[in-house]
Amino acid sequence: MATFVQKFGGTSVGDPQRIARCAARVKQRRDEGHSVVVVVSAMGHTTDELIELAGRVSEKPSRRELDMLMATGEQVSVALVAMALEKLGVPAISLTGGQAGILTDGAFGRARIIRVVGDRLEQELAAGRVPVVCGFQGLSLEGEINTLGRGGSDTTAVALAAALRVGEKGGCCEIFTDVDGVYTADPRLVPNASKLARISYEEMLELALLGAQVMHPRAVLFGERYGVPIHVRHSQRPDEGTMICRETPEMEDVMVVGAALKPDLGRVSLRRIPNNPGVQGMLFDAVAKAGIMVDDIMQTEFGEIASISFTVDHGDLADVKIAASQVLDRVGTGELAIEIGLAKISVVGTGMKSHSGVASRMFVALGAAGIPIHNITTSEIKISCILGKEHAQKALAIAHEVFGLDKIGASRTEQAAAAAR
Ligand code: ADP
Ligand code: ASP
Ligand code: MG
């Protein structure tokens, strides 16, 4: 008998019929003789609606109260899923993140899980019940409700799977969503994207960080760190899905495995500032203290003068403007420029480590389409280009095509079959 953690996303629990189908999935695993822990997101677009509601009450609600409000979405769905399970004759109990032992670091709106105290879950499983746990939330050491950042229910699921050591006991973490696996690009944006039978944690993490919404980045990190096999599957259709697993040598045969798009970026530039030691530290310390996640950073030097630019999500521009203006006041000279309407497209692949010419193929293809590139960043396994938002979807399709990604999924499927033989 193995233990499975099954996570159902917002669309998958969007209405009573879908909730019933999710409950049937859970029952199926139980009927096979396994233990199941369920993690659920808020129904449909509930979290967006709660944020919008808060905005109608206050222009800038405090992060604490926003977390208190957002966490209610998941409480609705856990209770309903537990009811649906009981109706099928499966004993179940709904739990908040705190009740399930998820301890967080206190950072409202973007908390990290610092520990999972698994006793309550173990007790419920031992009593033959299915714990149905609120995704996206935990309890800080101060007893405050924290949320884990948008899309964070995936992280709840993988963290619980790690705490319960499901991988060592023949189980895995199943991420049930509204797409039947991880594709070479978002299938909503690139219709000929192909489904991957397998992807490495490293590749999935990069894709998630670069905009592939299908998995929350920290969930992939937990999976890699604690060896949790993650199986991404469609919640309403039976299919093979995608396994996120450790890299195997043949994965390097594929140069690029996926492409991703991060929309709505803004670029903040501090121009003509003194090129003194410590100026970068001062700037990014102020930005970090304002709770802003910085994307790519660029610096150019002209002797004693420097310009530093960085990209952030559009939503953070107002806060970043305040923080950057204060830094300019402190350094005494320089000017602040903010550009909006940017996006980032990226390609990712473990195989880049052993193949050359990947970047040039991408730049040549974008150039031939007349798409200007405003900045480039690379790592061992990714290449990213910042460009105008108006070009983003076309650029994504071009990058997808130039690396033949519409066929890559099939070749990874063959690899998976070979690995299984
Ligand atoms: P859930 O509510 O189940 O957590 P999400 O909306 O967070 O679901 O994630 C699923 C969505 O991720 C899909 O509907 C798809 O549009 C998007 N997506 C982005 N990139 C990819 C990709 N590479 N493969 C599959 N889906 C992707
Ligand atoms: N309900 C949360 C959100 O919409 C968490 C999640 O769905 O993973 O971001
Ligand atoms: Mg999600």
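One-based numbering, in listed order, for ligands and for the atoms of each.
In terms of protein heavy-atom proximity, atom 15 (C) of ligand 1 is nearest to Asp186 OD1, 3.3 Å. Of the protein's heavy atoms, Ser153 OG, 3.3 Å lies nearest to atom 6 (C) of ligand 2. For atom 7 (O) of ligand 2, the closest heavy atom belonging to the protein is Ser41 OG, 3.2 Å. The closest protein non-hydrogen atom to atom 14 (O) of ligand 1 is Arg188 NH2, 2.5 Å. When hydrogens are left out, the protein atom nearest atom 1 (P) of ligand 1 is Thr177 OG1, 3.6 Å; that is the closest non-hydrogen contact. Protein heavy atom at the shortest distance from atom 11 (C) of ligand 1 is Asp178 OD1, 3.9 Å. From the protein, the heavy atom lying nearest to atom 26 (N) of ligand 1 is Val214 CB, 3.5 Å. Looking from atom 23 (N) of ligand 1 to the surrounding protein, the closest heavy atom is Tyr183 O, 2.9 Å.
Between Glu74 and ligand 2 there is a heavy-atom distance shorter than 4.0 Å. By the 4.0 Å heavy-atom criterion, Gly73 is excluded from the residues contacting ligand 2. For the ligand labelled ligand 2, residue Gly152 lies inside the 4.0 Å heavy-atom shell.
Of all atoms in ligand 2, listed by their number and element, those nearer than 4.0 Å to a heavy atom of Arg150 are 3 (C), 4 (O), 9 (O).
Among Ser41, Gly10, Gly152, the residue whose heavy atom lies closest to atom 2 (O) of ligand 1 is Gly10. Across the listed options Arg150, Lys195, His45, Gln213, Gln213 owns the non-hydrogen atom lying nearest to atom 5 (P) of ligand 1. Of the candidates Gly211, Ala212, Gly181, it is Gly181 that places a heavy atom closest to atom 25 (C) of ligand 1.
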Stepwise side chain to side chain donor-acceptor pair (under 3.5 Å) check, Ser62 with Glu65 | CA-CA 5 Å; Ser62 77; Glu65 299 311 331; 4.7 Å; no
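Under 4.0 Å from ligand 1, the heavy atoms of Lys7 that appear belong solely to its side chain.
For the side chain to side chain contact (heavy atoms under 4.5 Å, CB included) criterion with Ile386, the lone passing option out of Ile345, Leu342, Ile376, Ile373 is Leu342. Applying salt bridge (charged side-chain N to carboxylate O under 4.0 Å, His left out) to Glu174 and the options Arg25, Arg29, Lys7 leaves one that passes, Arg29.
Considering backbone and side-chain atoms together, Thr11 places no N or O closer than 3.5 Å to any N or O of ligand 1. By the 3.5 Å distance cut-off applied to N or O atoms, Ser12 is not counted among the residues near ligand 1.
Using a 4.0 Å cut-off between a side-chain N of Lys or Arg and a carboxylate O of Asp or Glu, Arg64 and Asp67 do not qualify as a salt bridge.
A parallel orientation is assigned to the rings of Phe8 and Phe176, their planes being inclined by less than 30° (bins at 30° and 60°).
When side chains are defined from C-beta on, Lys407 does not count as touching Ser194, because their heavy atoms never get closer than 4.5 Å.
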